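The shown structure was predicted, so the numbers you read here are calculated from the model rather than taken from an experiment. A note on names: the letters A, B, ... follow the listed sequences, proteins ahead of strands, and every chain is numbered from 1.
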Amino acid sequence: MIDLKQLRDDPQRFIDGARAKKIEVDIHHLLRIDEERRTLLADQERKRAEQKKLSKEIGPAIGKLKGQLKSASDEEKDRLEAKIHELESRPIALKAEIHAFEQKIAQIEPEWKDLWLQIPQPPDEDVPKGDSADDNIELRTWQPDWFDPQKSFAENKGFPHRTHLELIRTLNLVDFERAVKMAGTRHYVLTGDGMRLHQAVLRFAFDFITQEHGFTPMSVPVIVREECMVGTGFFPAGRDQAYHIEESRRGTGTDLFLTGTGEVGLMGLHQDEILDPEQLPLQYATVSTCFRREAGAAGKDTAGLYRIHQFDKVEQVVICRADEEESRRWHQKMIDIVEQLLQKLELPYRLLQCCTADLGLKNADMIDIECWMPGRGEEDAEGRPTGAYGETHSASRLYDYQCRRLNMRYRDQDGRNVFCHSLNNTVLASPRILIPLLELYQNEDGSVTVPPPLLPYMNGVERIGSVAAPASAAPGR
RNA sequence: GGACAGGUGGCGGAGCGGUUGAACGCGCCGGUCUCGAAAACCGGUAUACCCUUCGGGGUAUCGUGGGUUCGAAUCCCACCCUGUCCGCCA
């Protein structure tokens, strides 16, 4: 969430920010409620101070009188009791007044908090303005020597390509029918070498980020409490996107939510903590199953492994000091790590600078990486897709927006507690990454060569679908 | 799932319903002593928010939320969490 003091000092900055992000939120209304709340709070506190002062006078006096009462004669008793009663009745009017203020504050507070949580972080000055994802700007592309993005797959490789759906079917790598039987649309079952390849690429990515780049390997919960979802900035705005486990309806326990990214678990780790600045920056990586309802995406990317309810992702986060330069450096570093990874896998990709409209609530800046997928995009004269870039990675820079929500701080040199900065980026998400992997490593005979970096993780399988490779154990086929 | 026990400051640990933000100990910071250190001694040592004439003033916080009361760390209720034993279990 944003700093309310900053909002009061310069509301225009946040109004412009929300407008640039195309996010509807009534900032003027929040300012009005905030003002009202503070006035009420001040009035209430004044009354309470009065009450407290009175209490401190009355308390010992009553105590003393009650002591005397015990050993008093009957006529003395009446007199003492009257005196006690008189003392007790003095703050009674204050009590009602304080209660009235309390009620009023409790009435406006939920709306105040809710609005506050919905104010987006203004985009950075150097983020290009735009109206939708179409206005994102291509920063650069990379491709291996054999690949010329100007040419078709057939021109590059010498034979026409099959889409990942076709490859999956002929090579028995995925069983969609049974997955849908069990869990409904947008589910899949990886079979045989499909599962092997999925595990191999995840393990390769996890080893790469933890061994070669020193990120601390972690396992984190994928079932979390609401505070964790709010703290990481996914709630309340993204509530519809998360699967909800209503434990409270059973009469015990609290509700839980399935996380849509390992970021939630990694960032939630240090919620409400004051970190040792000597330990910063924290660099964490996890591989976790991600769950997404894909609400509002009905009819979009319905076929294949592109948009699914459950997948696995290697995620990297950095928690660093509140320093813009350092944040920016880490952002570049995390993108660089992904570029190295994709280059090892020899997957053509492009970097996209997301425009203001595509940033979402919490980001100040976001760079997407898209891999080339021959089976996507517009169709040619023969009805074959001509290929397109498809999103596989997203690197976010958030300043203290997320850590403020999480109440994650460190003590700076002057002894002040400061909110940390946070960043996150995909290292690799599968099975989506299998789409370019399968499509680009396919051979003319319909087999798929295992990318060399994945060989150590493939138990000897070098080529999927060739006679030389061990039979891919597709059950029930 | 059953039966107990318990949640207090960075940590340990007190706390008759009344100047208790909270004794005491440890830790930490500063000082005295010392050639220096240790010990000893002295002093200091929470966070958040609000107001401010920038000197300071105020409120809240003893797991969380309600309630009782003139007044709650202390009494009542609900929830959350932790520990121990039993049962079950990948």
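- Across the C1' atoms, B:rG57 and B:rG44 are found 22 Å apart, a figure rounded to whole Å.
- Rounded to whole Å, the separation between the C1' atoms of B:rG27 and B:rC80 comes to 30 Å.
- The shortest distance between the side-chain N/O atoms of A:R46 and the OP1/OP2 oxygens of B:rG57 is not below 4.0 Å.
- Set against B:rU59, B:rC50, B:rG71, the side chain of A:A42 has B:rC50 as its closest nucleotide.
- In this entry the distance linking CD of A:E226 with P of B:rC81 reads 15 Å, nearest Å.
- When the side-chain nitrogen and oxygen atoms of A:R38 are compared with OP1 and OP2 of B:rC51, one or more of them lie within a distance under 4.0 Å.
- The partner of B:rG12 is B:rC24, by the rule that a Watson-Crick or G-U pair needs both atom distances under 3.5 Å.
- Here the side chain of A:A49 is nearest to one of B:rC50, B:rU59, B:rA48, namely B:rU59.
- An anti orientation is assigned to B:rG67, its glycosidic angle lying beyond 90° of 0.
- Looking at the side chain of A:R225, the nearest of the listed nucleotides B:rA60, B:rC50, B:rC81 is B:rC81.
- Rounded to whole Å, the separation between the P atoms of B:rU19 and B:rA23 comes to 13 Å.
- With 3.5 Å as the limit, one finds a donor-acceptor pair spanning the side chains of A:Q402 and A:E263.
- Spacing of C1' atoms, B:rC33 relative to B:rA39, comes out at 11 Å, to the nearest Å.
- Comparing the C1' positions of B:rG21 and B:rA14 gives a spacing of 15 Å, expressed to the nearest Å.
- Side-chain proximity of A:T254 to B:rC50, B:rU47, B:rC80: nearest is B:rC80.
- A perpendicular orientation is assigned to the rings of A:H213 and A:F208, their planes being inclined by more than 60° (bins at 30° and 60°).
- For the pair A:R397 and A:D124, the salt-bridge criterion is met [side-chain N within less than 4.0 Å of a carboxylate O].
- Here the C1' atom of nucleotide B:rG58 and the CD atom of A:Q51 are 14 Å apart, to the nearest Å.
- If you check every strand for non-hydrogen atoms under 4.0 Å, A:R37 touches nothing.
- Within the shown strands, B:rU84 is the pairing partner of B:rA3 under the Watson-Crick or G-U definition, both distances less than 3.5 Å.
- One interatomic measurement links the two molecules: CD of A:E102 to C1' of B:rG65, which rounds to 13 Å at whole-angstrom precision.
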Derivation of the side chain to side chain donor-acceptor pair (under 3.5 Å) call for A:R13 and A:Q6: CA-CA 9 Å; A:R13 187 178 148 232; A:Q6 283 181 20; 3.3 Å; yes

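- Projected onto RNA chain B by closest heavy-atom contact, A:H99 and A:N417 fall at different nucleotides, the more 5' of which corresponds to A:N417.
- As judged by a 4.0 angstrom heavy-atom cut-off over every strand, A:R8 is placed among residues touching the sugar-phosphate backbone only.
- Look at A:K181 and A:E177 and you find no salt bridge, because none of the NZ, NE, NH1 or NH2 atoms lies under 4.0 Å from a carboxylate O.
- Proximity note for A:K5 (side chain, C-beta onward) versus B:rU47, B:rC49, B:rG71: the nearest is B:rC49.
- By the 4.0 Å N-to-carboxylate-O rule, A:R38 lies too far from A:E45 to be salt-bridged with it.
- Base-pair partner of B:rU19: not found among the strands shown (Watson-Crick or G-U wobble, both distances under 3.5 Å).
- Look at B:rG55: it lacks any Watson-Crick or wobble partner with both distances under 3.5 angstrom.
- For B:rG71, the OP1/OP2 oxygens have a side-chain nitrogen or oxygen of A:K95 closer than 4.0 Å.
- When rounded to the nearest whole Å, the span between CD1 of A:I274 and P of B:rG10 equals 8 Å.
- For the pair A:R409 CZ and B:rU47 P, the computed distance is 9 Å after rounding to whole Å.
- Among B:rG58, B:rU47, B:rA60, the nucleotide with an atom closest to any side-chain atom of A:K52 is B:rA60.
- Ion pairing between A:R37 and A:E109 holds under the 4.0 Å rule for side-chain N and carboxylate O.
- Nucleotides B:rG18 and B:rG71, compared at atom P, are 14 Å apart to the nearest Å.
- With C1' as the reference atom, B:rC85 and B:rG25 are 33 Å apart, rounded to whole Å.
- In this structure, B:rU47 forms a base pair with B:rA60, meeting either the Watson-Crick or the G-U wobble geometry with both donor-acceptor distances under 3.5 Å.
- Counting to the nearest Å, the P atom of B:rU69 and the CG atom of A:L54 are 18 Å from each other.
- Using atom C1' as the reference point in both B:rU74 and B:rG15, the two lie 8 Å apart (nearest Å).
- Across the strands present, B:rA73 finds no partner; the criterion is a Watson-Crick or G-U wobble pair with both atom distances under 3.5 angstrom.
- Going from atom CZ of A:F101 over to atom P of B:rC49 covers 23 Å, rounded to whole Å.
- Of the N and O atoms on the side chains of A:S288 and A:K313, not one donor lies less than 3.5 Å from an acceptor on the other residue.
- Between the CZ atom of A:R411 and the P atom of B:rC28 there is a distance of 16 Å, given to the nearest Å.
- The partner of B:rC33, taking Watson-Crick or G-U wobble pairs whose two distances both stay under 3.5 Å, does not exist in any strand shown.
- Not one side-chain nitrogen or oxygen of A:R48 sits closer than 4.0 Å to the OP1 or OP2 atom of B:rC50.
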